[in-house]
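These notes are about the structure you will find just below.
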Amino acid sequence: LRAKGYPTVMASAPNTLGGINGQTGLRMKATIEQCMAVLNSGNGDEWSYHSWEGAQTSLMSATEIRVDSRNCIQYLLEKQVGFGALYRAAWTQNQAPNATAAEMMMICSATAVSDANPHPWPPVSGKLNNIGRYAIFQQTPQQHRDMIKRITATGCSLWAYTHAKEYNNINNHTPEEWASWWSAVDEAVAAGLLEVVNVETLYRRSGGTIKRIGGSLLLEWPQPDGSVRTITVG
């Protein structure tokens, strides 16, 4: 994706990376150094979060959701990863009934109810903390092309995601699915119908600002209804 100039988002489970609260996180092969190398490549990539350690957010109470989110945000801010700490790229299994308990900690977040649809940007009322995520795996080339046609025809944005390359796991993409999706994207980009951007770009284009006040970050983001969403992080 870097070769294409397309920024991407890494949605990590920070506690599996180790290095905080004495936990070593031996379950994950990717290292913090590798993540930082990607972020420092100048491609606009962002390092966000999926959950603290992979636990099912569908089973978490409101209090547990807040703790899970706070731990992720604290970790990423300590690593100085930039904008990715300010929104949530995923909830585990796209299911978190109590997700709204943490909405005061982030500007926006991915779906907590398995919504796979495109959406307007800025998100309309009720969508800010339920942005759809479209899986590129288990999709045919025609389905990929149809989705690209859908977003280019409506002017909507799409958070597309995958996990890893593998032939025998329905939650991962095959090489053919990967190639098919990016072929459809490439065609739309070449035609001037589509742009691949990161969330910070969308946020700032929408009038969002970031100010440092003491040891915290103050984010202000005008909403479609004329109000201003204010978030304090850190």
From CA spacing to verdict: side-chain hydrogen bond (donor to acceptor under 3.5 Å, both in side chains), D186, S183
CA-CA 5 Å; D186 290 345; S183 175; over 6 Å; no
Given side-chain hydrogen bond (donor to acceptor under 3.5 Å, both in side chains), test T57 with Q95 step by step and report yes or no.
CA-CA 6 Å; T57 48; Q95 293 293 330; over 6 Å; no
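For an aromatic pair to be called close, the ring centres must be under 6.0 Å apart, and Y161 with F137 satisfies this. Taking the six-membered ring for Trp, Y203 and W221 have ring centres closer than 6.0 Å.
Residue K165 places its NZ atom among 12 or fewer non-hydrogen atoms of other residues, nucleotides or ligands, all under 6.0 Å distant. At most 12 heavy atoms of other shown residues, nucleotides or ligands fall within 6.0 angstrom of atom CD in Q80.
Between L218 and I210, every side-chain heavy-atom pair lies at or beyond the 4.5 Å cut-off. Taking 4.5 Å as the limit, every side-chain heavy atom of V9 sits out of range of all side-chain heavy atoms of W159. By the 4.5 Å heavy-atom criterion applied to side chains, S69 and R88 are counted as neighbours. Considering only heavy atoms from C-beta on, T140 comes within 4.5 Å of Q143 through its side chain. Under the 4.5 Å side-chain criterion, counting only non-hydrogen atoms from C-beta, I136 is in contact with H144. Here the side chains of S48 and M10 are not in contact, with every heavy-atom distance at 4.5 Å or above. Between L76 and Y49 the shortest side-chain heavy-atom distance falls below 4.5 Å. The shortest distance between side-chain heavy atoms of S180 and W178 does not fall below 4.5 Å.
Each of D115, N117, T111, N94 was evaluated against R133; a single residue qualifies, N94, per the side chain to side chain donor-acceptor pair (under 3.5 Å) test.
Remark: the backbone N or O of I148 is paired with a side-chain donor or acceptor of T152 at under 3.5 angstrom.
With respect to the salt-bridge test (charged N to carboxylate O, under 4.0 angstrom), the residues E195 and R205 qualify. A salt bridge links E220 with K211: the distance from a Lys NZ or Arg NE/NH1/NH2 to an Asp or Glu carboxylate oxygen falls below 4.0 Å.
Here the CD-CG distance, from E103 to L128, works out to 8.0 Å after rounding to the nearest 0.5 Å. Distance CG/L217 to CZ/F83: 10.5 Å, rounded to 0.5 Å.
Using bins of under 30°, 30° to 60° and over 60° for the plane-to-plane angle, the ring pair Y134/W181 lands in the tilted bin.
Tracing side-chain contacts under 4.5 Å through hydrophobic residues (I, L, V, M, F, W, Y), one never reaches L202 starting from V196; they form parts of separate clusters.
Looking only at atom types and distance, the side chain of S12 has no donor-acceptor partner in the side chain of H50 under 3.5 Å away.
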